[in-house]
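Bear in mind the structure is a predicted one, so any value in this text is a computation, not a measurement.
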Amino acid sequence: MNKKYEVFNIPKNETIDTGPSEIVEKFLDVSEVENEKQHSLVRIDINVIEYPLFTKNPRRKKNQIIRYFFNRDKEAYIQVNPTSGDFIPGEFEERVFIAILKIMRDKKYNNEFYTKPSEILYNMGIPQTSYKSFYKKITLALQRLSQTSYTFKNSLYSNKMKGIIDDKINTNIMNIRIITLNQAEKNEMEYFQDKRTKEVIKISISNYFYDNIIRKGYLVYDSQLLLNMDSPITRALYMLVNKLRFNKFHLRVLALSIIKKIPLSDDAKSLGRSIKSLEKSCKQLKKMDLISDYNIIKQGKLIQTEIEFFFEEKHNAIKQSFFYDDKNHFDNLLITYTEKGEEGEVITESQEALKEIQQEKENITPTDEKINQIFEKLPARAKELKTMPGAIKDAIRQYGFEYVMYTAEYMSKNKVTKIRSYFIQALEKGWAENFMIIEKNKSQKKKESQLTFNTIEMQKSQNNETDEKIKAKKLELYNDYYKILNDEEKEKINKEVFNDYIKMSGTVVASAAQKIAFQMAKESLIREYLYKRDAEKNEISKINSKKEMKEIHMGNFIFGENFSKEKEQEISENSNVEEIYKDIEDITFTEEKGENKVEKKIKKSDIICDIKKVYNEISLFQMELLDFLELLDTIEQETQDKIVRIVGISKYFEATVGGYYMKIEYIKDKESSIKIIKK
């Protein structure tokens, strides 16, 4: 067999029965990937043009997984995986996707945008009178587009990576969220201003495809033209041929190669029909004046059939106008997003990506200012060379301003004599790369040092602010503490605060005016007094042993503190304190029953928390305590808050609350503990 066609002598499609799913494997031959889209213009990712991501088979099967191979050893392939019980995307989904790309363009290439079914139908060219009958179909198509997954093994083209990704990539084409009025968040309510709107659709194109669309991994097509094509085969042929020819007026390609890329049936029985389908699409393209002519070249076997396509200058002119219209539109957006960033406005993640592209573009755009900056770094003799400005311009376009600048600095340090020759070779061979890395590291360290200094200064300021907040919170807690004291304790504190107040005024006996002033400031003076006393003693009251522990009821829990005799009596009547300690104090303990001693253990599953840690701030201790309290379903939020507040004042808490024994102790800069056990 002629070697020219040997690559296409491919065995029949391989079908593997996997139970509920069916995998169809086909071999394709795919090589290059290139070029660029506006107006009713859309940017279509190279992968969508080059690969069969949308099937042209009208007789799809549910749960059918299709795998397309690009080489003999099966190391490069695409696998299309439908969601369970569904089909892979077909012709209708492709039309919906083209309409969505048009809407994304209208939404200024934001990768997260909102639309409605009616907007999609409008961009698909569906008459308004038919909208109602298409709504359900649109929803199903969107779900299919978002739920179908694609596995690319050594086949996914990424402009950002400058070629095919040598890895296995799993992705979908887009993500959607259908939102009703009840589900809408505050910032989404504007989309429901029209009362007729029942739902909106939040869409984001998947990153791999979006990156190609905003970079140079796409071609520009007229969306209306594509959607007006009745046949999906004609649409695929037009996009593919337009890519393959680039700007050439003549393209000759093996029919089987196109059949596999669209894809159409390629087995021996179906090959003739597939070639006839291509011929029919060629006629349509000629009728639409998208090609000037075509020729089916049959020689020998069907597998050797080739197709010639002919174009004229007008076809290139249209293609160029599409490219420049789209480019101008996109460039204006990039400038807008760059200005937004400079003004300090918050911009979205996709806008940030667009801003990054603008910066990359600026880096390879030569200007007089950039050329002068590079001249300043080069040895002085460089300015005497007439050809040097042109060499610098070309270098910026090819390598970017930053790299050229570092190369100029490198040359200056090495005292080069043959300047232009050395400049070109240094760029080509990367002689300045190590120098650039060293200089960048120096610059980074300098920035980090400055950042560290700024951070320390900021932390000092924040710590002062935090201390003030903690003090304010403590003062607030002392109000609660004061209120729960008995009358005797309150009177004692009042006297001490009043005496301090009189001493500060510098008198021995208080005047009537001073007494009035004290009464007006009494509450805040008491708070300050308690705060200072707490700071001096490092605690307001601390219980040193179980025998000294007194318990009171507050709401539905008990906590330790010095309270009235009535409260103490109430507790002794309602709880067996010794029993609590026997059961809970230790995980293993010995209980005396008459002359006998019985060892008891607490189940590990009943221990909610038993930790010992050092905290330098009580607020951190309280936050961790609250995390554990929130795990206890039987204790209400209000009760949890009370426990945390009491710990803030007394630094100690031991009680049975809501069926849980708790022992909590905070000691600043020393080991503090939280023990919670289910009774």
For [X], I'd like to know if atom [atom1] has over 12 heavy atoms of other residues, nucleotides or ligands within 6.0 Å.
{"X": "Tyr122", "atom1": "OH", "result": "no"}
{"X": "Arg273", "atom1": "CZ", "result": "no"}
{"X": "Glu369", "atom1": "CD", "result": "no"}
{"X": "Met161", "atom1": "CE", "result": "no"}

Pair [X], [Y]: side-chain N/O donor-acceptor within cut-off below 3.5 Å:
{"X": "Asn172", "Y": "Ser146", "value": "no"}
{"X": "Ser40", "Y": "Asp222", "value": "yes"}
{"X": "Tyr157", "Y": "Glu50", "value": "no"}

Is there a donor-acceptor contact under 3.5 Å from the side chain of [X] to the main chain of [Y]?
{"X": "Thr367", "Y": "Lys370", "result": "yes"}
{"X": "Arg235", "Y": "Met229", "result": "yes"}
{"X": "Ser206", "Y": "Tyr208", "result": "no"}
{"X": "Asn228", "Y": "Gln224", "result": "yes"}
{"X": "Asn110", "Y": "Lys107", "result": "yes"}
{"X": "Asp166", "Y": "Asn154", "result": "no"}
{"X": "Arg95", "Y": "Leu227", "result": "yes"}
{"X": "Thr115", "Y": "Ile201", "result": "no"}
{"X": "Lys319", "Y": "Phe246", "result": "yes"}

Report yes if some heavy atom in the side chain of [X] is under 4.5 Å from a heavy atom in the side chain of [Y]; otherwise report no.
{"X": "Leu145", "Y": "Ile176", "result": "no"}
{"X": "Thr387", "Y": "Arg420", "result": "yes"}
{"X": "Phe152", "Y": "Ile165", "result": "no"}
{"X": "Leu256", "Y": "Lys260", "result": "yes"}
{"X": "Ile78", "Y": "Phe70", "result": "yes"}
{"X": "Met124", "Y": "Ile138", "result": "yes"}
{"X": "Asn295", "Y": "Arg252", "result": "no"}
{"X": "Ile424", "Y": "Glu428", "result": "yes"}

| request: For Tyr238, check ring pair (Phe, Tyr, Trp, His ring centres under 6.0 Å) against everything at least two apart and list the hits. | output: Tyr221
Taking all atoms of both residues into account, what is the closest heavy-atom pair of [X] and [Y], and its distance?
{"X": "His315", "Y": "Asp289", "result": "NE2-O, 3.0 Å"}
{"X": "Met104", "Y": "Ile205", "result": "SD-CG1, 3.7 Å"}
{"X": "Phe309", "Y": "Ile258", "result": "CE1-CD1, 4.1 Å"}
{"X": "Glu119", "Y": "Asn123", "result": "O-ND2, 2.8 Å"}
{"X": "Val241", "Y": "Leu251", "result": "CG1-CD2, 3.8 Å"}
{"X": "Ser292", "Y": "Glu312", "result": "CB-OE2, 3.3 Å"}

| Geometric class of the His250/Phe310 ring pair [parallel <30°, tilted 30-60°, perpendicular >60°] | tilted
| task | Would you please classify the geometry between the Phe69 ring and the Tyr77 ring as parallel, tilted or perpendicular, with 30° and 60° separating the classes? | result | perpendicular
| Contacts of type salt bridge (charged side-chain N to carboxylate O under 4.0 Å, His left out), residue Lys56, not counting sequence neighbours | none
| query | Can the ring centroids of Tyr406 and Tyr399 be said to lie less than 6.0 angstrom from one another? | reply | no
| message | For a side chain to side chain donor-acceptor pair (under 3.5 Å) check, start with the C-alpha distance between Asn111 and Ser204, then their side-chain angles and the critical distance, and finish with the verdict. | response | CA-CA 5 Å; Asn111 193 24; Ser204 62; 5.3 Å; no
| Does the side chain to side chain contact (heavy atoms under 4.5 Å, CB included) test come out yes or no for Lys393 and Arg397, once each step is laid out? | CA-CA 6 Å; Lys393 258 188 192 179; Arg397 288 193 186 104; 4.2 Å; yes
| Check against side chain to side chain contact (heavy atoms under 4.5 Å, CB included), Gln320 and Asn247 | CA-CA 9 Å; Gln320 286 296 313; Asn247 285 326; 3.7 Å; yes
| said: Between Tyr150 and Asn47, is the side chain to side chain contact (heavy atoms under 4.5 Å, CB included) condition met? List the steps. | reply: CA-CA 11 Å; Tyr150 295 87; Asn47 295 292; over 6 Å; no
As an exercise, state the distance from [atom1] of [X] to [atom2] of [Y], rounded to the nearest 0.5 Å.
{"X": "Leu302", "Y": "Ser270", "atom1": "CG", "atom2": "OG", "value": "11.5 Å"}
{"X": "Ile233", "Y": "Leu264", "atom1": "CD1", "atom2": "CG", "value": "5.0 Å"}
{"X": "Lys116", "Y": "Tyr191", "atom1": "NZ", "atom2": "OH", "value": "10.0 Å"}
{"X": "Leu156", "Y": "Asp167", "atom1": "CG", "atom2": "CG", "value": "10.0 Å"}
{"X": "Ile318", "Y": "Glu313", "atom1": "CD1", "atom2": "CD", "value": "10.5 Å"}
{"X": "Thr407", "Y": "Tyr403", "atom1": "OG1", "atom2": "OH", "value": "5.0 Å"}

| task | Kindly indicate, with the supporting measurements, whether the criterion side chain to side chain contact (heavy atoms under 4.5 Å, CB included) is fulfilled by Leu285 and Tyr294. | result | CA-CA 9 Å; Leu285 292 178; Tyr294 70 94; over 6 Å; no
| message | Tell me whether the NZ or CZ atom of Arg245 lies within the 45° cone about the ring axis of Phe311 and under 6.0 Å from its centre. | response | yes
| query | Do NZ/NE/NH1/NH2 and the carboxylate oxygens of Arg60 and Glu93 come within less than 4.0 Å? | reply | yes
